[in-house]
Amino acid sequence: MLRRAVLACLLPAAAVAQERLRPLRWDAPEAAPLLARLRQGGVTLFFRHADTRGEPCDRSFRVGDRAGQRNISPEGVAQSRAIGARLAALGVAVERPVLAGPVFRARDTAEAMFGAEAVQVTDSLLADDFSGPRLDWVLAEHRRLFAQTVPPGRVRVLVGHRTPAIMVLGDALVGGRAFPEGAALVIERGAALGILELAPLEGGGFHGC
């Protein structure tokens, strides 16, 4: 796994084998090449919203209806704050503003990570089941954001949802249990280099909805 992670950092996107990624704890030896890439900058972190275990499932699928949405749990709030603190402790230079989807579990995650003043909410990061007839546009926006070049020394942070990432990058790469709640895809010019868990929760990662 370490060799694959190193190759992902060094080879062009077309040369990296498309096999399902495995989420790596930030403190695992195999995660060291990904952490080095974060410190170097020039990459995007696409976070799945934080922990939602125990919260009611989506019911209304309306963006502004908090009561009708699955929200992050108290553990998810703490997880989000821990992620923001971890990025700072690792010396990762996060570009402002951070972009987050308008569904509350994504927006709340971003705001707990970095503070509301650092977050810009955008429909480009909508959840698929909140997108309605705009799903094709939402997926195109994910592709655009994933493919953007990030300046050296900076890391762009996006906060959204698992399913659009699977639809854009492929189930074979990021499907199954590859992308837990609170984890982040490390992306360079549209290619997924790996998945990091900066504040993993024991027994967490997936809700029951």
Side-chain angles (χ1 to χ4, degrees), residues 23 44-88 94-146 155-169 174 177-185 187 195-209:
T44 294
L45 279 176
F46 176 75
F47 280 93
R48 185 181 179 190
H49 59 78
D51 181 78
T52 64
R53 290 172 301 162
E55 297 298 310
C57 296
D58 291 321
R59 297 180 299 283
S60 71
F61 299 100
R62 294 197 304 271
V63 166
D65 179 18
R66 181 180 288 277
Q69 295 178 24
R70 187 175 91 250
N71 291 279
I72 58 173
S73 64
E75 292 80 6
V77 174
Q79 181 184 37
S80 301
R81 291 172 178 158
I83 291 168
R86 182 81 64 205
L87 288 170
V94 174
E95 186 180 74
R96 300 300 199 267
V98 169
L99 300 183
V103 177
F104 281 109
R105 56 185 174 270
R107 178 176 184 167
D108 291 345
T109 295
E111 292 182 353
M113 283 182 186
F114 303 106
E117 69 284 352
V119 175
Q120 178 179 325
V121 177
T122 173
D123 282 1
S124 297
L125 295 170
L126 262 173
D128 58 297
D129 45 7
F130 283 73
S131 301
R134 293 194 295 165
L135 178 59
D136 287 346
W137 176 81
V138 167
L139 296 179
E141 285 294 280
H142 278 73
R143 291 188 189 95
R144 179 182 67 82
L145 291 169
F146 289 176
V155 171
R156 185 164 296 153
V157 172
L158 315 173
V159 183
H161 306 265
R162 169 178 179 259
T163 301
I166 292 173
M167 296 173 81
V168 167
L169 297 173
V174 297
R177 299 183 72 82
F179 195 13
E181 293 181 329
L185 281 160
I187 299 172
I195 298 176
L196 275 176
E197 291 190 276
L198 293 165
L201 296 179
E202 185 68 31
F206 295 89
H207 58 81
C209 296

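Computed from a predicted structure; not experimentally measured.
- Judged as a ring-ring contact (aromatic ring centres under 6.0 Å, His included), not a single pair has a partner in residues 100-128 (not counting sequence neighbours).
- Partners of Val63 under the side-chain contact (heavy atoms from CB on, under 4.5 Å) rule, at least two apart in sequence or in another chain, are Pro102, Leu126, Phe130.
- When the side chain to side chain donor-acceptor pair (under 3.5 Å) test is applied to Ser80, no partner is found at least two apart in sequence or on another chain.
- For Asp129, the salt bridge (Lys or Arg N to Asp or Glu O under 4.0 Å) test picks out no residue, with sequence neighbours left out.
- Residues satisfying the side-chain contact (heavy atoms from CB on, under 4.5 Å) test with Ile166, not counting sequence neighbours, are Arg162, Asp171, Val174.
- Applying the salt bridge (Lys or Arg N to Asp or Glu O under 4.0 Å) rule to Arg143 yields no partners; only residues at least two apart in sequence or on another chain are considered.
- Every residue two or more places apart in sequence or in another chain that forms a side-chain contact (heavy atoms from CB on, under 4.5 Å) with Ala178 is listed here: Arg20, Ile195.
- Residue pairs meeting the side-chain hydrogen bond (donor to acceptor under 3.5 Å, both in side chains) criterion with at least one member in residues 108-117, sequence neighbours excluded: Arg66-Asp108, Arg107-Glu111.
- Residues satisfying the salt bridge (Lys or Arg N to Asp or Glu O under 4.0 Å) test with Arg81, not counting sequence neighbours, are none.
- A search for side chain to side chain donor-acceptor pair (under 3.5 Å) contacts involving Arg48 returns nothing, not counting sequence neighbours.
- With sequence neighbours left out, Arg53 forms a side-chain contact (heavy atoms from CB on, under 4.5 Å) with Asp51, Leu201.
- Not counting sequence neighbours, the partners of Glu141 by the side chain to side chain donor-acceptor pair (under 3.5 Å) test are Ser124, Arg144.
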